[in-house]
Amino acid sequence: MRVFKFGGASVKDADGLKRVAEILKATDGKIIVVVSAMGKTTNALEKLVPKLNAKETEVLIREIEEYHYGIAKACITCLYKDKVCDILQETFSELRKLVKEYPLTNYDERYDQIVSYGEIISTHIVSCFLSDEGITNTWIDARKFVCTDANYRDAKVDFTKAEKCFETLTKSDIIITQGFIGCTTDGKTTTLGREGSDYTAAIIAYCTNAESVTIWKDVPGVLNADPKKFSDTVKIERLSYQDAIELAYYGASVIHPKTIKPLQNKNIPLYVKPFIEPASAGTCIDADSTPLSIPCFISKADQALLSLSPKDFSFIAEENLSFIFDIFAKLKVKVNMMQHSAINFSVCFDNGISKLPELLDAFQDNYRVLYNDNVELFTIRYYDQATIDKLVAERNILLEQRSRYTVQLVLK
Ligand code: ASP
Ligand code: MG
């Protein structure tokens, strides 16, 4: 059994769906297909989470509805035309009811109940479309298998439970299921974090002992840098799990960072392949450990750098550090790099939805606090001095850390 994952960009229109069908027609054997929400649907659904008035809600839902009906009608033209319309009608009426009635007492909980509809809808359309094309497939609800805790929006998977659930899965030739979503023990929908569908593919592969995972992307494979930010990027043919984890963790957006570890644990290879050129080799990520011969660049924007010195002149040691991390954990701020000296602690973290005021507030009594917002974190794996010099030209290095293979720089 193999696992394929198609992201939102791959299923954003009728042409994308047709390509999915082509790829599946050209593939033999049992496949579990993990599908994301279509295009930017997750962003659109996010707007329905805060309480809006009835008119605003209806405008937003109608937009999402029209987009999906548009795709469904453009590609499902035969036997499954009525079926897909029935399913969409029912699903959108459930969504309307949910948006109207689900309490806002826990924002994150409401978020997951609503936003998960993107994947539910997309998989229904994909499944009906494949049937329409004569590709026999079974639609399954990932929430019956992907068991999680109740940490909404970033739910933690219970792999032992999930593995048990997957034992009950009847393996037909092609199974269509949702990425990104899971379920708590008391039946509430959860999500695994934005862009989490890659991770779902890895969870399923782990739980079913799959032969491999293929993530179909709109890039030729894993590149040594983001082509939107750097010129002269090079495709990497083969990458170790270790390198892939490091690159993804520090912001290479090609793969969700949580994806690699479950695959590494069971030695399942991961292929990243171009959607528009299915025959191309793409990138293979496996246990091979040859260091890369070219440097890889990853940049993370929207970072802030905070520098703390205890006001009581104490050293930065166990007690201070545990106090500091306790605050970061409570505020759910993701730390990307840190450094300390005797009396100073510097930390670089994701500042997308700015938690700076809350952090400053929490530290001000006990620490002298300095900060820089709007900084960028650069990671170069397999660095050399020439690449560093090129990168930092005309920029200020605020913090730097080097290990044998990786250098990290906070730049302003
Ligand atoms: N649809 C979800 C998102 O946009 C999950 C994914 O695409 O991987 O974040
Ligand atoms: Mg996506």
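Counting convention: from 1, in listed order, for ligands and their atoms alike.
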> Which ligand 1 atoms, with their elements, are less than 4.0 angstrom from a heavy-atom of Thr42?
Replying inline: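 Near Thr42, the atoms of ligand 1 are 1 (N), 2 (C), 3 (C), 4 (O).
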In terms of side-chain geometry, is the basic nitrogen of [X] or [Y] positioned less than 4.0 Å from the acidic oxygen of its partner?
X      : Y      : result
Arg96  : Glu65  : yes
Asp15  : Arg19  : no
Lys156 : Asp149 : no

> Do ligand 1 and Ser36 have nitrogen or oxygen atoms that lie under 3.5 Å from each other?
Replying inline: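 Right, the criterion is met.
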> Purely on distance, is any nitrogen or oxygen of Arg194 under 3.5 Å from one on ligand 1?
Replying inline: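 Yes, Arg194 has an N/O under 3.5 Å of an N/O on ligand 1.
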> What part of Glu119, side chain, backbone, both or neither, has a heavy atom within less than 4.0 angstrom of ligand 1?
Replying inline: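 For Glu119, only side-chain atoms sit under 4.0 Å from ligand 1.
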> Any idea which part of Ser197 is under 4.0 Å from ligand 1, heavy-atom wise: side chain, backbone, both or neither?
Replying inline: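 Both parts.
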Modelled atom types, side-chain donor and acceptor of [X] and [Y], under 3.5 Å:
X      : Y      : result
Arg2   : Thr214 : no
Thr189 : Ser116 : no
Asp112 : Thr191 : yes

>> Can you tell me if Gly196 contacts ligand 1 (heavy atom of the residue under 4.0 Å from the ligand)?
In response: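 So Gly196 counts as touching ligand 1.
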>> So for Lys40, does at least one of its heavy atoms come nearer than 4.0 angstrom to any atom of ligand 1?
In response: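 Judged by the 4.0 Å heavy-atom criterion, Lys40 does not count as contacting ligand 1.
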